[in-house]
Structure formats: structure tokens, C-alpha cells
Amino acid sequence: MLREYRTIREVAGPLMLVKNVIDVSYDELGEVQLPNGDIRRCKVLEVNGNDVLVQLFESSAGINLAQSKVRFLGHGIELAVSEDMLGRVFDGMGRPKDGGPEILADERRNINGMPMNPAARDYPDEFIQTGVSTIDGLNTLVRGQKLPIFSGSGLPHAQLAAQIARQAKVLNNDAQFAVVFAAIGITFEEADFFISDFKKTGAIDRTVMFVNLASDPAIERISTPRMALTAAEYLAFKKNMHVLVILTDITNYAEALREVSAARKEVPSRRGYPGYLYTDLASMYERAGRTLESEGSITMIPILSMPEDDKTHPIPDLTGYITEGQIILSRELYRKGMQPPVDVLPSLSRLKDKGIGAGKTREDHAGTMNQIFAAYARGKEAKELMTILGEAALSDIDKLYARFADEFESKYVNQGYNENRSIEETLNLGWELLSILPASELKRIKPEFIEKYLPKKD
């Protein structure tokens with residue numbers, strides 16, 4: 001029998017103080033019953049002796065201190081998990097949002113999960129094909145990796161996220177592939193875009209979606225990515241699936257964390273974010289990976305929009321410390337009409353060397369990747385020089401590099417959001433672009449690969 005308390009002493013915004021409470025723990029769920037019978041949910045934020053500070057999920061309007069009563073449910077926020085989740089859309093608290101029935105649960109799991117034991121981790125070394133050349137060819141995603149996308153306000157990260165969710169697959173592996181997609185604090189239009197895009201292309205059948213709108217409570221925003229990761233852990237480590245988790249937008253999550261921290265009157269850290277932002281982000285990101293005991297895996301692509309395109313802002317800065325690289329979207333490329341506007345030079349996948357090569361992608365992948373990076377960097381320098389001094393100041397070879405940079409952007413980067421390129425197509429396109437340069441300039445590729453793959457000029 002659950003105890004009921006009529007000892008609400010104070011309500012301040014989303015926070016409520018309840019006195020003389022016993023046997024209640026941090027993160028425990030509670031229900032507030034109003035005099036008219038309405039139920040509002042809450043979560044324990046702080047326990048101080050017999051005083052409990054809770055955070056309301058809904059508005060505090062209408063709560064009568066004397067007549068409302070609180071009961072605590074004895075458990076934290078839980079998610080009912082089952083394979084039936086695939087193809088379904090849920091809200092940020094795990095309730096069906098698509099008009100379908102409740103999930104018949106195989107089990108109920110606490111959404112805070114447990115961090116993965118480092119000793120039980122397996123090293124990520126298996127290539128995931130996203131169908132996007134700038135990722136597959138140059139910043140390769142590996143199964144079990146955490147590879148964030150750093151975007152900016154107004155940049156098309158939503159379209160890129162939808163494209164990756166539609167197209168991603170593990171090559172040469174028969175295991176089932178699933179996508180868990182969490183939209184955090186997005187607008188109704190964005191939510192409608194994702195849901196309709198997944199339904200239109202059939203990707204919804206292998207996808208579990210959690211959608212938290214900007215109009216939903218901040219506390220729900222904090223639970224949404226954890227709901228997604230709990231579903232992913234069940235599918236990966238209980239059902240042995242390869243799961244790709246896409247979280248967009250982590251910036252909205254961090255803003256909600258700051259809002260809750262301010263309501264609790266905690267001492268702020270950088271830019272007003274709580275001092276535990278790093279720890280909090282790590283508690284989510286580190287739930288991705290592979291384990292030695294399971295065939296399944298969780299690969300994570302968190303997407304965050306950098307305020308004022310600032311890479312040193314606390315959210316991208318801390319994310320970069322925890323994750324294994326970053327894909328950076330460029331406003332300059334976006335203005336040029338590139339789709340997707342991925343800036344490959346500052347982008348990085350720290351595990352790319354582990355997931356490429358013979359038997360994984362192709363034997364020439366590493367060499368062509370390094371050569372394309374070097375040629376594009378030199379081509380951009382040549383173009384900058386051309387802008388300052390004019391084309392006449394460039395040597396013939398620099399003019400070829402400048403042409404390479406232009407062709408690279410227009411053909412390799414600018415592939416659109418509906419083209420799904422295989423890794424073979426991406427590598428062949430790379431060779432086609434490298435054929436602009438004399439073979440003597442291809443110093444980062446083994447001569448036998450140049451002989452085998454470089455298109456012969458007529």
C-alpha cells in the first residue's frame with residue numbers, strides 16, 4: 001500500500017517541497033492528486049532528512065497546498081520494452097504517440113540504466129555504411145562508435161539525420177539492424193518531417209521513435225534520450241541487434257538541464273550550465289558501444305546545434321571530449337548550396353582507421369582517404385591565394401588543386417539527401433576526382449593501387 005502525504009509546504013515554479021516523508025529515494029516517481037481528482041506526475045530531485053524536493057512534469061497551476069496529496073511509487077521512471085516497439089512512435093515519457101495500443105512489455109527497465117563495464121567492452125572495428133560519401137569515405141562510422149554531428153542554427157542537420165536513419169546498414173553482417181531515433185525539444189513541424197519521412201520511405205518499420213516537442217515540460221526533455229537508450233540497450237543486448245541511436249538536438253537537452261539546475265538554485269558553471277554537465281552527458285554517451293558477451297551493439301550519433309556556431313561552447317566542447325570525433329556542418333558550404341554541407345577538414349572520426357581496408361571496405365580506402373584530405377586542403381589554400389593575388393599568381397599544379405577543390409565540393413560533398421551511395425561508389429568517385437591531378441602527386445597511395453584503380457586517361 002502506497003503512503004499518501006498531505007504535507008506539501010511550498011510550490012515554486014516546477015518545484016514542490018513535501019515534508020515528513022519516509023522511505024523515498026532520489027529519482028523516484030510520484031503522483032500529485034489535486035482536489036478535483038486530476039493527477040500530476042513528479043520526480044524526486046533531492047532528499048534532505050524527511051524533506052523531499054520534487055520536480056513536477058506538468059504545470060503547478062491549481063495545486064492547493066492544503067488539499068492536494070502526494071504518493072510516491074517506489075520506482076524511478078521506467079520504460080516498457082519489447083520488440084513490438086519497432087515501427088512505433090512514443091512521446092518523451094515512453095507513451096504511444098501514434099494512436100496505437102500500449103506496448104505489451106517483455107520487461108520494464110529503469111531508464112537511467114547502468115554504465116557499460118569498461119572491461120566488458122569490445123573494440124569497435126566494423127564499418128557502418130551511411131550512404132553519405134563525406135562520412136563513409138573520409139570520416140568513417142564504426143559499429144559501437146559515438147560520432148556526433150556539430151551543426152548550427154538553421155543548418156540542415158534534420159535532413160542529414162533522416163538520411164542516415166534511412167540508409168545506414170552494417171555490411172557483410174546478417175544481424176538485424178534497427179534505428180532508435182530521439183527528437184528532443186523540437187518543433188511540431190520538425191517532428192512531422194521526421195515521422196512522415198520515415199513512413200514514406202518505409203524506414204519506420206525498423207525504427208523506434210521518441211518525440212519530445214518544444215512545448216513539452218523541460219523535465220520530460222531530460223528523460224527522452226534516456227528512454228531511447230533504454231530501448232536501444234534492450235534491442236542490442238537482449239535481442240542481439242545492431243542499433244543506431246540518433247539523438248537530436250542535444251543542445252535542447254542541455255538547456256533543459258540548465259533550466260532545472262537554475263530552479264534548484266544550484267551554483268552555475270560555464271555559461272550558466274550546471275557543473276555536472278560533463279558527467280551528465282557522459283552518463284548518456286557511454287551507454288553506447290559493443291560488449292564481449294553480446295553480438296549486438298549500440299552506435300550513437302548525437303546531433304547538437306552549436307550556439308553562434310561556436311565550437312568552444314560548453315556543449316560541443318564537452319561532447320568532443322567524451323565522443324570519438326565529430327562531423328561538422330559548415331555555414332559557408334550551406335550558402336554555396338551543398339547538400340549535406342559537411343566540412344570534411346575539421347571533421348574527424350577517431351576510429352575510422354579501424355573500420356576500413358580489405359575485408360571491411362576496400363584495400364585502397366585508407367590511401368585514397370588521406371590523399372583526398374591532403375589534396376582538398378591544398379586546393380582550398382590555392383583558392384584563397386587566388387582570391388588575394390589573382391589566378392595568374394598560381395602555378396599550373398596549384399590551378400589543378402584549385403580545380404580539384406571545386407570538383408570535390410560539387411560532386412563528392414554535394415550528393416543530396418536522397419542519394420544512397422555504396423562504399424564502392426564513394427571510393428570510385430574519389431579516384432575519379434584524384435585523376436584531375438598528375439599521378440606523381442598521389443604520394444599517399446601505394447603504386448599498385450594507383451595502377452589498379454586510377455581511371456586511365458584517353
Side-chain angles (χ1 to χ4, degrees), residues 116 121-152 155-171 173 177-182 184 225 228-229 232 236 242-251 253 281-290 296-306 311 315-330 340-356 360-361 365-366 369 373 413 415 421 423 426:
M116 204 180 284
R121 282 184 179 271
D122 197 7
Y123 202 88
D125 63 355
E126 204 172 337
F127 172 69
I128 289 184
Q129 180 176 290
T130 65
V132 180
S133 289
T134 45
I135 297 175
D136 294 348
L138 302 175
N139 295 288
T140 312
L141 178 65
V142 180
R143 186 164 74 89
Q145 184 177 5
K146 307 176 286 290
L147 185 63
I149 294 175
F150 290 2
S151 180
L155 294 182
H157 51 265
Q159 287 89 327
L160 181 58
Q163 182 178 17
I164 293 170
R166 281 197 312 270
Q167 298 177 176
K169 62 179 180 180
V170 179
L171 296 184
N173 198 308
F177 193 88
V179 176
V180 176
F181 192 96
I184 307 160
L229 286 161
H242 299 324
V243 184
L244 175 64
V245 178
I246 298 177
L247 308 174
T248 178
D249 181 332
I250 292 294
T251 301
Y253 169 84
L281 291 173
S283 72
M284 290 196 307
Y285 295 152
E286 292 299 344
R287 290 169 73 173
R290 295 172 62 178
S297 62
I298 298 176
T299 307
M300 187 189 291
I301 299 183
I303 298 172
L304 54 94
S305 48
M306 302 176 286
K311 281 189 292 224
I315 304 167
D317 188 34
L318 297 177
T319 294
Y321 285 124
I322 305 164
T323 54
E324 293 113 10
Q326 68 276 333
I327 304 293
I328 296 182
L329 300 190
S330 157
V342 175
D343 193 350
V344 297
L345 293 181
S347 297
L348 168 71
S349 169
R350 292 192 181 97
L351 299 179
K352 63 187 173 190
D353 295 332
K354 312 299 178 194
I356 62 175
K360 295 177 181 176
T361 52
H365 192 156
M369 175 178 69
F373 266 124
V413 177
Q415 73 173 75
R421 290 181 186 160
I423 186 60
T426 291

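Here the options are Ile303, Ile149, Val179, the test is side-chain contact (heavy atoms from CB on, under 4.5 Å), and the partner is Ile164; only Ile149 passes. The residue from Lys146, Lys354, Lys352 that alone fulfils the side-chain hydrogen bond (donor to acceptor under 3.5 Å, both in side chains) condition with Glu324 is Lys146.
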Evaluate side-chain contact (heavy atoms from CB on, under 4.5 Å) for Ile315 paired with Tyr253, printing each intermediate quantity in order.
CA-CA 10 Å; Ile315 304 167; Tyr253 169 84; over 6 Å; no
Salt bridge (Lys or Arg N to Asp or Glu O under 4.0 Å), that's the test. Do Arg290 and Asp125 meet it? Break it down for me.
CA-CA 10 Å; Arg290 295 172 62 178; Asp125 63 355; 3.0 Å; yes
What's the verdict on side-chain contact (heavy atoms from CB on, under 4.5 Å) for Met284 and Ile322, showing C-alpha distance, side-chain angles and the deciding distance?
CA-CA 10 Å; Met284 290 196 307; Ile322 305 164; over 6 Å; no
Using side-chain contact (heavy atoms from CB on, under 4.5 Å), reason through Met300 and Leu247 one step at a time and then give a plain yes or no.
CA-CA 8 Å; Met300 187 189 291; Leu247 308 174; 4.1 Å; yes
Do Asp249 and Ile184 pass the side-chain contact (heavy atoms from CB on, under 4.5 Å) test, and can you show the C-alpha distance, the side-chain angles, and the key distance before you say yes or no?
CA-CA 5 Å; Asp249 181 332; Ile184 307 160; 5.7 Å; no
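Thr319 has its side chain within reach of Phe150: a pair of non-hydrogen atoms, C-beta onward, lies under 4.5 Å apart. When side chains are defined from C-beta on, Thr130 does not count as touching Gln167, because their heavy atoms never get closer than 4.5 Å. No side-chain heavy atom of Pro340 sits under 4.5 Å from any side-chain heavy atom of His157. Counting heavy atoms from C-beta outward, Lys360 and His365 have side chains that stay 4.5 Å or more apart. Using a 4.5 Å cut-off on side-chain heavy atoms (C-beta onward), Val170 and Ile128 make contact. Contact check for Leu329 versus Val342: side-chain heavy atoms found under the 4.5 Å cut-off. No side-chain heavy atom of Met116 sits less than 4.5 Å from a side-chain heavy atom of Glu286. In this structure, the side chains of Leu138 and Ser347 stay at 4.5 Å or more apart for every pair of heavy atoms.
The two atoms that bring Ser349 and Gln145 nearest to each other are OG-NE2, 3.0 Å, heavy atoms only. Considering every non-hydrogen atom in both Phe177 and Ala168, the closest pair reads CE2-O, 3.4 Å. Minimum heavy-atom separation, Gln129 to Ile423: OE1-N, 3.1 Å. Closest of all the heavy-atom pairs between Pro156 and Pro341 is CG-CD, 3.8 Å. In terms of heavy-atom proximity, Ala232 sits nearest to Val245 at CB-CG2, 3.5 Å. Nearest approach of Ser297 to His242, heavy atoms of both residues: OG-ND1, 3.5 Å.
Note on residues 340-349: no pairs pass salt bridge (charged side-chain N to carboxylate O under 4.0 Å, His left out), not counting sequence neighbours.
Checking side-chain atoms of Arg143 against main-chain N and O of Gly355 turns up no donor-acceptor pair under 3.5 Å. Within the 3.5 Å criterion, the main-chain N or O of Ser305 finds a donor-acceptor partner in the side chain of Thr251.
Residues Arg421 and Ser133 have side chains that bring a donor and an acceptor to within less than 3.5 angstrom of each other.
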